[in-house]
Structures are given as structure tokens and as C-alpha cells.
Amino acid sequence: MKSYSVLASVACLLTAAVAAHADAPDTWAKNCASCHGADGAGHTKAGRLLHAKDLTDAAYLKTFSDDQAFKAVKEGFKDADGKDKMKPFSDKLSDDEIKTLVAYVRTLAK
Ligand code: HEC
């Protein structure tokens, strides 16, 4: 009986992880693609204006850690002059959603 309930909760966790992952492209399309583009390359009007860098470039992805990316999305991203580049998403997205998006960004590299 006991081992059955452990199995059931493991199955439950796995389903949740898969569901969160499947949501990432959707969350990306709704919140991030306006600047970064559907593919992450940043070839949008807003992306060009703000000089969004190419998130499909594996070399650029290496310039920041998962923690830095998490912080940039949660708290916003300013350039060296203190100008807002990306607004904070802390009021729109949960920590889990942001973590899933950071993992998703890692898959955009070509
Ligand atoms: C208003 C336009 C805009 C939106 C919307 C936006 N970003 Fe950004 N993002 C930028 C710009 C501009 C940069 C800065 C690029 C640079 O110069 O490094 C950036 C940087 C980043 C970085 C790199 C951070 C670093 O440390 O270099 C990540 C990762 C990122 N964005 C993810 C996201 C995710 C995930 C979303 C959706 C939740 C999102 N962005 C929404 C414009 C935007």
C-alpha cells in the first residue's frame, strides 16, 4: 500500500513537469516573442529598437547563467546606462514559469 502511494506521487510529479514544459512555448509566444521573436532571434520591430540579442546564438547564451537569466526576467533588465530594456515579469509570471522559460531559452540555440 505504502509503495503504491509513493509510485502514485512520482507519477503525479512527472505529469506536472511535462505539463509545465509543454506550456513554455505558449508562455513564450504570449510574453516574450513580441521582442525576442517566435524563434528567439529577436528579429522583431521591438527587438530591433531595443537591440535584443540573438537568443539562438549558442555563444551569446553562454554569456549569462540560468540565475542571471532568471533575475533578468523576474526583475527586469537594464543596460549599462540604466535604461529599461526588458520590464520585470515578477507580477505576471510565477517563479516556476520563469524557470521553465529559462530552460526553454536554452533550447533555442541552433
Ligand atoms: C520589451 C521587449 C522584451 C520582452 C517582452 C522580453 N524581453 Fe528579454 N530582453 C529584451 C532585451 C532588449 C534584452 C537585452 C539583450 C541584451 O542586450 O543583452 C533582453 C534580454 C533577455 C535575456 C538575456 C539576459 C542576460 O542576462 O543577458 C533573456 C534570457 C531574456 N531576455 C528572456 C526573456 C523572456 C523569457 C521573456 C518573456 C517572459 C522576455 N525576455 C521578454 C527585451 C525583451
Side-chain angles (χ1 to χ4, degrees):
M1 210 43 189
K2 208 171 177 195
S3 64
Y4 174 75
S5 68
V6 168
L7 264 184
S9 44
V10 168
C12 207
L13 278 175
L14 280 177
T15 320
V18 169
H21 203 80
D23 275 355
D26 197 42
T27 318
W28 174 267
K30 283 194 190 119
N31 297 282
C32 322
S34 57
C35 292
H36 290 290
D39 61 353
H43 296 155
T44 64
K45 215 171 174 187
R48 269 190 288 266
L49 274 174
L50 293 163
H51 305 290
K53 294 203 178 117
D54 185 353
L55 292 175
T56 67
D57 178 356
Y60 176 58
L61 289 181
K62 287 204 187 96
T63 65
F64 56 86
S65 67
D66 285 358
D67 281 355
Q68 283 170 322
F70 179 84
K71 230 178 144 212
V73 176
K74 189 176 163 92
E75 296 169 14
F77 190 93
K78 290 190 200 307
D79 67 10
D81 306 326
K83 257 198 244 147
D84 265 327
K85 291 277 205 168
M86 186 163 76
K87 63 184 163 87
F89 282 90
S90 48
D91 56 339
K92 280 187 132 186
L93 301 170
S94 70
D95 284 8
D96 276 353
E97 280 173 315
I98 297 175
K99 268 184 211 147
T100 309
L101 279 172
V102 170
Y104 179 70
V105 165
R106 297 288 180 206
T107 69
L108 297 173
K110 284 185 185 139

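Every number for a ligand or one of its atoms is a count from 1 in the order of the listing.
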>> Using the side-chain contact (heavy atoms from CB on, under 4.5 Å) definition, which of the options Glu75, Lys74, Gln68 pairs with Lys71?
In response: Glu75
>> Could you check whether any side-chain heavy atom of Leu55 comes within less than 4.5 Å of a side-chain heavy atom of Leu61, counting everything from C-beta outward?
In response: yes
>> Side-chain heavy atoms nearer than 4.5 Å, only ILVMFWY residues, links allowed to pass through others: does that put Leu50 and Val73 together?
In response: no
> Any chain of hydrophobic side-chain contacts (each under 4.5 Å) joining Phe77 to Trp28?
Replying inline: yes
>> Working to the nearest 0.5 angstrom, can you tell me the gap between Leu93 CG and Thr27 OG1?
In response: 7.0 Å
>> Tell me which residues fall inside the under-4.0 Å heavy-atom shell around ligand 1.
In response: Trp28, Asn31, Cys32, Ser34, Cys35, His36, Leu50, His51, Ala52, Lys53, Tyr60, Phe64, Ala69, Ala72, Val73, Phe77, Lys85, Met86, Phe89, Leu93, Leu101
> Do Thr56 side-chain atoms and Gly40 backbone N/O form a donor-acceptor pair below 3.5 Å?
Replying inline: no
